[in-house]
Amino acid sequence: MAKPQPPKYFQRFIEWYCKPRLQESILGDIEEQFYEEVVDRGPLVARRRYMWNVIRFFRPGIVKKPTTDQKLNNYGMFKNYYKVSLRSILRSGVFSVINISGLAIGIASCLLILIYVKNEASYDTFNEKYERTYRVLHYYGQVGEEVAKDTLPQSELQVWGNAPVADVLTEYFPQIEHVFRFTSNFDWLVEYNGQRFQEKNIVYGDSTLHHVFSWKWIYGNPETALQRPSTIVLSHKMARKYFGDDDPVGKSLLLDSDEQYEVTGVYEIPPNSHFSFDACISMTSFIKRRPEIFGYWGYVDFYTYFTIHEGADIASLEAQIPIALQKYFNQGFAYTFQFEPLASAYLASDAKRQPGPTGNADNIYLFICIAGFLLAIAIINFTNLSTARSIARAKEVAVRKTVGSSRQALVLQFLLEATILTLIATAIAVFFTFLGHSYLERLVGKTLPIAWLLTPKVLLLAVLGILGIGLLAGAYPAFALSSFRPITVLRGTFKHSTRGSWLRKSLVVLQFALSLILLVGTVVVTNQLSFLRQYDKGFEDEQVLVLEYGYDSRVQRSLALLKAEFLKHPAVQSISASRATPGDFFPNAHTEIEGPTGEMTAKGPALYEIDEDFIPTYQMEIVAGRNYSRDFPLDSINSLIVNESAAKLFGYPDPSEIVGQRFAQWGREGKVIGVVKDFNYVSLHDDVEPMTLRY
């Protein structure tokens with residue numbers, strides 16, 4: 001059996017760092033201890049102890065000082081490297097322009113994508129209580145339905161809900177700190193000093209707004225701004241629209257020509273908030289107008305957000321939801337709610353009826369991959385060009401080695417040259433990034449902060465990136481060329497290295513593979529966009545002009561006259577009045593329709609309130625029954641039209657079978673008279689949901 005030996009790599013390590021005059025005694029001692037422990041404790045323990053002793057002796061008194069053949073003036077040396085690098089870059093002008101521009105475009109593209117990704121990932125993070133802010137998701141079922149909260153997928157819940165749940169959160173859950181509730185947006189005709197504008201994005205909200213969301217308050221006291229009835233706070237943009245740069249607090253706006261609201265504050269919502277509104281009226285004003293809905297669980301028009309105390313466990317709150325519902329909920333339909341973190345609201349929520357646009361986490365990952373691919377292609381191209389050009393410099397290297405240049409000096413020369421090229425490319429890329437930033441904002445329709453590119457952390461990463469790319473691109477030329485034998489090159493017998501050729505070929509293959517992936521992805525995205533542009537949404541959206549009039553009673557009383565006047569214009573082909581338009585706000589309505597068995601089935605489909613001209617104006621298709629008609633005056637009180645999805649929801653796969661069935665909806669009873677073909681009244685990302693079209 002072979003005699004156990006000390007670990008040879010650790011033996012070489014101590015010979016490398018230990019002073020020569022101490023090596024014999026130190027190595028002798030630890031080897032003697034090694035062989036003793038082999039006998040006493042076994043080879044495995046002996047080897048571990050040997051390695052530990054080698055590491056333990058690595059200290060200043062034993063480590064030998066580095067030696068050099070000659071003392072160099074480091075400043076002069078690097079100055080020389082710098083000059084030689086610049087001369088080489090300028091001498092090969094075409095090569096340098098191609099190399100630098102390719103890398104600059106790759107880095108700029110990557111930075112622009114990262115600016116967008118950073119903005120998408122930063123939504124709502126400006127809030128001080130971001131980590132402990134949540135919102136309520138609601139589920140509305142049918143009469144007699146058993147609801148198991150734990151089995152409900154989030155796609156069956158919606159953010160849009162009722163008012164009483166906010167009071168339950170405040171009263172029943174001591175772990176909750178503050179609750180903020182606001183309505184969906186209302187349209188108002190706003191007037192000040194003769195200026196009149198139709199405003200679409202005004203909501204009612206609780207006075208706790210500033211406790212939940214950390215928006216900037218420019219004027220007014222956020223503590224009291226929304227406490228009194230008939231008060232309103234404005235966004236900075238809307239305040240400037242009516243009052244310029246003056247402080248508007250204490251002044252009043254006239255809404256819908258008959259209601260005065262005192263301005264009590266001006267706020268500014270950061271652009272990376274997942275919802276926003278132009279103005280917020282105090283919730284006490286809404287309670288004063290319609291107090292009955294604040295105790296009715298079936299009235300849906302509110303969004304509810306809340307913060308929990310530090311250290312509170314959201315899971316324990318969710319476990320108490322069934323008990324809270326037993327105490328407070330007494331309606332005849334099935335209902336429950338869940339909690340969702342604010343962190344999931346923009347990128348990770350599948351709930352319906354969001355208060356604002358949402359992002360897509362999958363798209364973020366896709367963009368990150370694209371940015372990585374673009375940067376990788378640019379770096380590979382940069383490395384390939386640097387490697388290919390390095391062969392032409394073999395004679396330069398041979399001459400420099402002949403006159404005494406060391407291999408270390410040559411390595412530093414090539415690495416510095418590659419780093420300078422990378423630095424120039426990065427500077428140009430930053431210029432391209434700032435130049436293309438405004439175009440990117442117009443392209444995506446968002447404000448994209450760019451100042452974070454100049455933060456110390458990002459600048460440090462940029463420095464490390466420049467060094468990394470420079471080292472990567474200059475590594476092969478530096479180490480390969482510096483290893484050439486000068487006499488072989490100068491005699492003309494030098495041949496290209498097969499290792500260098502293999503490296504270049506491998507990089508080219510990888511570069512083309514990445515490029516092919518991007519090209520395929522581009523074709524797929526182009527086809528998707530083409531599909532979206534050509535997709536039949538089920539209604540005509542070209543050459544259609546929508547005029548908002550909100551709840552202006554004077555317009556409502558004069559609809560027939562206004563329609564007649566518009567039709568006199570030669571450019572007007574058709575005109576309709578409706579409460580909703582495709583892609584805009586719509587409510588849901590508790591609806592009962594007679595099923596195939598003769599029993600009334602209750603559901604909650606979407607609701608459009610329309611007139612007899614709505615379907616012809618939008619060129620929708622009636623697939624069964626008929627449209628509303630002036631020839632049937634009672635249509636306005638006893639008729640209902642549904643879409644194909646609603647017919648299926650109530651048990652009629654054949655749309656013609658639901659025509660003539662009884663219905664009851666919001667105090668109106670009668671029969672279904674027609675079925676309209678499904679049209680996409682929400683995003684194409686979502687399936688067409690059941691809908692009723694009420695006269």
Side-chain angles (χ1 to χ4, degrees), residues 1-82 84-85 390 397-398 400-419 460-461 463-489 497 499-500 503:
M1 184 176 178
K3 182 180 179 182
Q5 297 295 325
K8 62 179 181 179
Y9 292 107
F10 279 81
Q11 193 173 14
R12 292 176 184 174
F13 179 58
I14 197 170
E15 291 173 351
W16 173 75
Y17 75 72
C18 186
K19 293 178 179 179
R21 61 185 178 83
L22 299 177
Q23 282 185 16
E24 184 177 354
S25 59
I26 292 176
L27 276 173
D29 289 342
I30 62 176
E31 285 185 8
E32 181 180 352
Q33 183 180 356
F34 170 78
Y35 289 117
E36 289 177 357
E37 290 187 342
V38 167
V39 177
D40 297 337
R41 309 179 67 179
L44 185 61
V45 175
R47 290 173 67 86
R48 290 177 181 171
R49 292 286 299 171
Y50 186 92
M51 290 187 285
W52 167 243
N53 286 330
V54 170
I55 297 172
R56 187 165 57 88
F57 275 108
F58 190 81
R59 51 181 182 262
I62 293 176
V63 176
K64 61 184 176 183
K65 296 180 180 179
T67 57
T68 55
D69 296 335
Q70 56 183 342
K71 294 183 179 180
L72 297 175
N73 184 323
N74 291 333
Y75 172 76
M77 178 184 67
F78 282 104
K79 183 178 180 181
N80 176 260
Y81 291 163
Y82 175 72
V84 172
S85 298
S390 65
V397 173
R400 295 183 64 181
K401 292 186 77 172
T402 301
V403 297
S405 179
S406 66
R407 183 178 183 183
Q408 180 184 10
L410 291 172
V411 169
L412 288 174
Q413 173 68 57
F414 280 104
L415 292 179
L416 181 61
E417 188 173 318
T419 303
L460 176 61
L461 290 175
V463 171
L464 295 177
I466 291 171
L467 294 176
I469 296 174
L471 292 175
L472 184 65
Y476 173 75
F479 290 100
L481 290 180
S482 62
S483 65
F484 293 159
R485 295 180 61 191
I487 191 169
T488 304
V489 177
S497 168
R499 289 180 298 172
L503 174 63

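For residues 35-55, the ring-ring contact (aromatic ring centres under 6.0 Å, His included) pairs, not counting sequence neighbours, are Phe34-Tyr50.
Qualifying side-chain hydrogen bond (donor to acceptor under 3.5 Å, both in side chains) partners for Glu36, counting only residues two or more places apart in sequence or in other chains: none. Applying the salt bridge (Lys or Arg N to Asp or Glu O under 4.0 Å) test to Arg49 and every residue at least two apart in sequence or in another chain returns Glu37. The side-chain contact (heavy atoms from CB on, under 4.5 Å) search around Leu467 returns Thr419, Val463, not counting sequence neighbours.
Scanning both residues, Gly470 and Ala418, for their nearest heavy atoms gives O-CB, 3.3 Å. Glu31 and Pro6 make their closest contact through CG-CG, 4.3 Å (heavy atoms, listed as atom of the first residue, atom of the second, distance).
Side chain of Arg47 to backbone of Gln5: a donor-acceptor contact under 3.5 angstrom is found.
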